[in-house]
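Values below: every heavy atom of this structure, side chains too, minus hydrogens, waters and symmetry copies. Throughout, protein chains are lettered first and strands after them, A, B, ... in sequence-line order, and every chain is numbered starting at 1.
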Amino acid sequence: DTEVTQTPKHLVMGMTNKKSLKCEQHMGHRAMYWYKQKAKKPPELMFVYSYEKLSINESVPSRFSPECPNSSLLNLHLHALQPEDSALYLCASSQLWGDSYEQYFGPGTRLTVT
Amino acid sequence: DQQVKQNSPSLSVQEGRISILNCDYTNSMFDYFLWYKKYPAEGPTFLISISSIKDKNEDGRFTVFLNKSAKHLSLHIVPSQPGDSAVYFCAASEGGATNKLIFGTGTLLAVQP
């Protein structure tokens, strides 16, 4: 099973709202990732968690706050977003050992900021 | 600085023929290369990968070739099917403790029936 699940599938929020995106995997992967994707662009890395610790923050504004409660779950807390933050938010996971480094992606959350 | 490049934004192929998608990279520290297929408003789907110690990897209709001296990889799809129509991204990783992927800009493949 190579499934990564994400909720919600769609989210519309105002600029003063607080919301959270959720991601879950049960493949035993010890790395989890948040990406942002705009139309006709490649996925853009935001955060990497390795062994439940934040290991990469790609200079993401503080209005995005990641959290990794355990090895299977990854959250992205959103607060005071701007309309330009509207995008497809993707979660992924991967192993960190052996000879395969494939990242498996979830279906994404389509976020619209009004 | 674009470390991974896909110079063809689009490619059109007849059903049953071969599709060849190309990717170039600049970072010699990349250790692992991957191809993903993506439909609109969905997450990328992993297709096939290759380690830098190999020059070819095959999985069914998909074959990836790696030319390290030229810093070039290609994905061959044979035979192409209409359901293969999607955006294809190549990606590269140095592996290690974070396995950070660097994506190319993507190639839109259209397979004509």
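- In terms of heavy-atom pairs under 4.5 angstrom with chain A, the leader among B:T105, B:I102, B:D31, B:N99 is B:N99.
- Proximity of a side-chain donor or acceptor of B:D59 to a complementary backbone N or O of B:I48 within less than 3.5 Å is not detected.
- B:L101 touches chain A through backbone and side chain together, each having a heavy atom under 4.5 Å away.
- Between A:E44 and A:K38, none of the side-chain N atoms (NZ, or NE/NH1/NH2) sits under 4.0 Å from a carboxylate O, so this pair counts as no salt bridge.
- Looking at A:Y33, the atoms closer than 4.5 Å to chain B (heavy atoms on both sides) all sit in the side chain, from C-beta outward.
- Among B:G95, B:P44, B:S49, the residue with the largest count of heavy-atom pairs under 4.5 Å with chain A is B:P44.
- A:Y35 pairs in a ring-ring contact (aromatic ring centres under 6.0 Å, His included) with only one of the listed residues (A:F64, A:F105, A:F47), which is A:F105.
- Between B:F65 and B:H76, the distance separating the two ring centers is shorter than 6.0 angstrom.
- Note: A:P43 leads A:P43, A:A31, A:G106, A:S94 in heavy-atom pairs under 4.5 Å with chain B.
- With a 4.5 angstrom heavy-atom cutoff, A:Q6 does not touch chain B via any of its atoms.
- For chain B, the nearby part of A:Q37 is the side chain; its heavy atoms alone come within less than 4.5 Å.
- Taking a cutoff of 4.0 Å between a charged side-chain nitrogen and a carboxylate oxygen, B:K68 and B:D55 do not qualify as a salt bridge.
- Side-chain contact check for B:N22 and B:S74: no donor-acceptor pair (N or O, by modelled atom type) lies under 3.5 Å.
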